[in-house]
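Here the structure is laid out as structure tokens; the discussion comes afterwards.
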Amino acid sequence: MNTVVANPERPEVLAYVALGANLGAAQATVLAAMQSVAALPQTRFIASSSLYRTAPLDAAGPDFINAVVAVSTRLSAPELLLHLQRLEIGAGRERPYRNAPRTLDLDILLYGDASITSPTLQVPHPRMWQRAFVLVPLAEIAPAKVSSPQLQAVASQEIERLV
């Protein structure tokens, strides 16, 4: 497995991470994942959204529990992604097919002002602007990152704030 060593000289970057789960104890899993993301090396917790319940989008299965967290990190975007993938694996994440139900899904939505396109990472997240379960919690903790027209574009998607 790859070793991740953060560069303490790298300036901190504000990153937003989406969390979701719809298998097992999804709400408890998302709450635990929030703490795990906040505890990543070279990373400081900034804010977390409420939890939201949504029906699966373009998929079948139980409803999802979703949230967004903001962290300030010295990890590079690829390093952050590797840590998030390790957390997913630790939660039992499997990827049998696209949009499969999942024990935990962690996605980097934004990484500072960076625009990243690589075989393993695309930032901003390519489908975030089409998803109420991302935009609503993101707007809750970072209202300047989501415009009214962007929220209006996903207003027909049902989303329920839990806590």
Side-chain angles (χ1 to χ4, degrees), residues 1-54 56-57 59 61-96 98-112 114 116 118-128 131-142 145-146 159-163:
M1 189 169 238
N2 295 337
T3 301
V4 175
V5 179
N7 179 353
E9 304 302 316
R10 181 180 292 123
E12 289 188 348
V13 173
L14 185 59
Y16 295 91
V17 177
L19 304 92
N22 75 332
L23 292 178
Q27 186 166 330
T29 299
V30 170
L31 289 170
M34 285 178 166
Q35 293 178 346
S36 296
V37 172
L40 291 176
Q42 302 288 316
T43 300
R44 288 185 304 114
F45 172 80
I46 303 298
S48 63
S49 73
S50 301
L51 298 181
Y52 292 86
R53 180 189 327 271
T54 59
L57 189 62
D63 286 351
F64 272 88
I65 303 299
N66 297 101
V68 171
V69 296
V71 294
S72 183
T73 187
R74 292 188 194 284
L75 296 170
S76 69
E79 290 167 338
L80 179 58
L81 177 64
L82 184 58
H83 278 287
L84 296 177
Q85 288 173 336
R86 287 178 179 169
L87 292 176
E88 289 177 338
I89 291 167
R93 170 78 188 261
E94 296 178 359
R95 298 173 189 267
R98 181 174 163 83
N99 294 330
R102 54 204 70 171
T103 55
L104 182 63
D105 185 30
L106 302 172
D107 291 317
I108 300 171
L109 301 175
L110 300 168
Y111 183 84
I116 303 166
S118 77
T120 57
L121 179 61
Q122 190 170 349
V123 174
H125 190 282
R127 292 170 303 284
M128 67 182 277
R131 298 173 169 176
F133 66 82
V134 171
L135 294 183
V136 172
L138 178 60
E140 180 185 332
I141 62 171
K145 297 289 182 187
V146 183
I159 183 165
E160 175 190 1
R161 183 177 176 189
L162 300 177
V163 291

Test item: Val134 and His125 side chains (from C-beta on) under 4.5 Å apart, heavy atoms: no
Side-chain heavy atoms of Leu87 within contact of Leu40, under 4.5 Å: yes
Nearest-0.5 Å distance, CG of residue Leu81 to OG1 of residue Thr120: 6.0 Å
Exercise: identify the closest heavy-atom pair between Ala132 and Ile159: O-CD1, 3.6 Å
Minimum heavy-atom distance between Leu109 and Val123, given as atom pair plus value: O-CG1, 3.9 Å
Thr43 side chain vs Pro41 backbone, donor-acceptor pair below 3.5 Å: yes
Exam field: side chain Arg53 to backbone Glu160, donor-acceptor pair closer than 3.5 Å: no
Atom pair CG (Leu23) and CG (Asp105), whose distance is rounded to the nearest 0.5 Å: 11.0 Å
Salt bridge (charged side-chain N to carboxylate O under 4.0 Å, His left out) partners of Arg161, counting only residues at least two apart: none
Side-chain donor or acceptor of Arg44 paired with backbone N/O of Ser72 under 3.5 Å: no
Heavy-atom pair of closest approach, residues Gly112 and Val13: N-CG1, 3.3 Å
With Met34, the side chain to side chain contact (heavy atoms under 4.5 Å, CB included) member among Leu51, Val17, Val68: Leu51
Non-hydrogen side-chain atoms of Met128 and Leu138 separated by less than 4.5 Å: yes
Residue pairs involving residues 29-39 (criterion salt bridge (Lys or Arg N to Asp or Glu O under 4.0 Å); sequence neighbours excluded): none
Ser49 side, atom OG; Leu19 side, atom CG - distance, nearest 0.5 Å: 8.0 Å
Rounded distance [0.5 Å steps], CD in Gln122 versus CG in Asp107: 11.5 Å
Shortest non-hydrogen contact from Ala15 toward Leu80: CB-CD2, 4.0 Å
Gap between atom NE2 of His83 and atom CG of Leu75 - 0.5 Å precision: 5.0 Å
Spacing of Ser50 atom OG and Leu162 atom CG [to the nearest 0.5 Å]: 8.5 Å
Heavy-atom pair of closest approach, residues Ala77 and Leu121: CB-CD2, 3.7 Å
Gly20 to Asn66 - nearest heavy-atom pair and separation: CA-ND2, 3.6 Å
Backbone of Leu106 reached by a side-chain donor or acceptor of Glu88 within 3.5 Å: yes
